[in-house]
Amino acid sequence: MAELVIYNTLTRTEEPFIPREPGKVAMYACGLTPQAPAHVGHMRGVVVMDIVQRWFEQLGYTVNFVQNFTDIDDKIIRRANEEGISTTEVAEKYSKMYVEDAEALGVRLPRFVKVTENMDAIIEVVQRLVKDGYAYVVDGDVYFEVNKFPEYGKLSGRSVEEMQAGARIEVDERKRNPEDFALWKAAKPNEPAWDSPWGKGRPGWHIECSALSLKYLGAAFDIHAGGMDLIFPHHENEIAQSEAYLHCQQPFARYWLHWGPVRLRQEKMSKSTGVVVPIRELRQQYEPAVIRYFLLTVHYRTPLEFSYERLDEAKSALERIRTAYQRGQAFLREHRGTSADPVVAEPYVQQFRASMNHDFNTAQALATVFETVHEINTRLNTPEIAALPKTPAETAGLLDALQWMMETVLGVPLHQPATAHSETLEQLMQHVIAWRQELRSRKLYDLADRIRDDLKAMGILLEDSPQGTTWRIA
RNA sequence: GGCGCCGUACCCAAGUGGCCAAGGGGAGGGUCUGCAAAACCCUUAUUCGUGGGUUCGAUUCCCACCGGCGCCUCCA
């Protein structure tokens, strides 16, 4: 289990993964503020974490994966006012959409935790920070005092002096230092508020992730993940307040994993700029498996440029994999009862494992997938090899390996979603194919070709081969 | 201005101090086939932004420059 290497933002190096507790992985990812439909950038994080979870499971770990919903904050309040519904309704509406989108992409859901259901835990952390002198109260607000935490800046690699030099933000006069950040905000009139020792109010953005992750995972948990744009200030602040809370006796989290941004037309996809492709819309245009495949074609830390050309490429590439898998299955149906021989597949599996163990390198792992595909195609394509007695067993082994790589690890289905009328449609197609075959045997090729062209226009592809005609939906 | 990342073929994209610099998409040629599709074979980087340095040897390490991006403000 020790062969996994993870890039840790905290040390800026690749480190062997050593769990806090043998056989177990505790991980936390910063979720989103549910106030708008999720876009492709959000889904990248979701898919990356799903892959991470799946790979840990393949390595034999039991994974405890927690993700938060920031279900109360300024933007949710604004949204609630715009839509004329309550903040709870806003949060529920968009959380639900997010979960649906994630599930559509084949993601196994983490344990979701909400800020509004964990106020006690949050207040408890703030209280202790005030008591221990790391935080101070001003007019019902509570601020964390950055100067009290000497290691501030260790994640993002900047010093407090540098930040002051480059500060562009307006300084709140009530703060002792410009970098101090809010742990608790006093309620303004007509805002949702919770009781606290400092009066009615609600938590600051950073404190919730600290409180929730510590509550559900405990100190020094294994992996804290998020988008790269969260490194500063969000994660930097989380470390400061959490380690202060832990009296600097233990680290907050041990490995910091950050995925790269998704860009659109050379700009980061972001709600605030409006440069977004909502995943909802994209799902209308592309099968979720294609979207997921597209997200895996690049290493998770590399920025990913979104484009429809890339998605079309992903579609073609995935089709190549699926075609090989389906051909292989058809071949095996002619050789019922063969048990899989894993020997031929073994080198591919090993290579795939090595890629995944090297910081979850899915882009590299996909190269191995294609080598496996090539191996399968060659066997089926070469009559002398296909006729060998051992070929069915070896092919079965290769198909098992392919399925394991694609479906079990990468979570990309090898079958397209079944159509609603598949039973009827299948019967109909068999008739169409038979009639067309009749035309072909009478050499009425223009009629046969017209049928094929018409079906193609409908999105149904006919493929003739010496073994007969097959059909599939494009 | 500060911190950090990146620049590999027509496009996307892995990667390593020295074995032919993965893989995908696209394009061209060939095999099979009535044709098409799929698949297979061949071709598409004597070279990894530019210029120096370290080294027996660098695309890979160091420095400078050019170009692109992220963060420094809410952000996945």
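Letters go in sequence order (proteins before strands), and every chain restarts at 1. Just so it is clear, the model here is predicted, and its values are computed rather than measured.
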Q.
Measure NZ/Lys443(A) against P/rU33(B) and give the value in whole Å, please.
A. 13 Å
Pairs: protein N or O with nucleotides 24-26 of chain B N or O, under 3.5 Å:
from: rG24(B); atom 1: N2; to: Glu313(A); atom 2: OE1; distance (Å): 3.2

(Q) Counting runs of three or more consecutive pairs, Watson-Crick or G-U wobble, with each distance below 3.5 Å, where are the stems of RNA chain B? (A) B:1-7 with B:66-72, B:10-12 with B:23-25, B:26-31 with B:39-44, B:49-53 with B:61-65
Please list, for nucleotides 4-9 of chain B, all pairs of protein and nucleotide N/O atoms separated by less than 3.5 Å.
none

**Q.** Interatomic distance where CG belongs to Asp229(A) and C1' belongs to rC71(B) [whole Å]
**A.** 8 Å
Q. Under 4.0 angstrom, heavy atoms only, what part of the nucleic acid is Leu380(A) near: base, sugar-phosphate, or nothing?
A. nothing
Q. Any side chain to side chain donor-acceptor pair (under 3.5 Å) pairs touching residues 25-36 of chain A, not counting sequence neighbours?
A. Tyr28(A)-Asn68(A)
Q) Would you say the base of rC35(B) and the side-chain of Arg452(A) have a donor-acceptor pair closer than 3.5 Å? A) yes
Distances under 3.5 Å between protein N/O atoms and the N/O atoms of nucleotides 41-43 of chain B, please, pair by pair.
from: rC41(B); atom 1: OP1; to: His374(A); atom 2: NE2; distance (Å): 2.8
from: rC41(B); atom 1: OP2; to: His374(A); atom 2: NE2; distance (Å): 3.1

Q | Interatomic distance where NE2 belongs to His235(A) and P belongs to rC3(B) [whole Å] | A | 23 Å
Produce the list of close N/O pairs, under 3.5 Å, pairing protein atoms with atoms of nucleotides 18-20 of chain B; give distances to one decimal.
none

Q.
Is it the case that rA76(B) (base atoms only) and Arg44(A) (side chain only) share a donor and an acceptor within less than 3.5 Å, ignoring hydrogens and angles?
A. no
Q. For the side chain of Asp74(A) and the base of rC74(B), is some donor closer than 3.5 Å to an acceptor across the two?
A. no
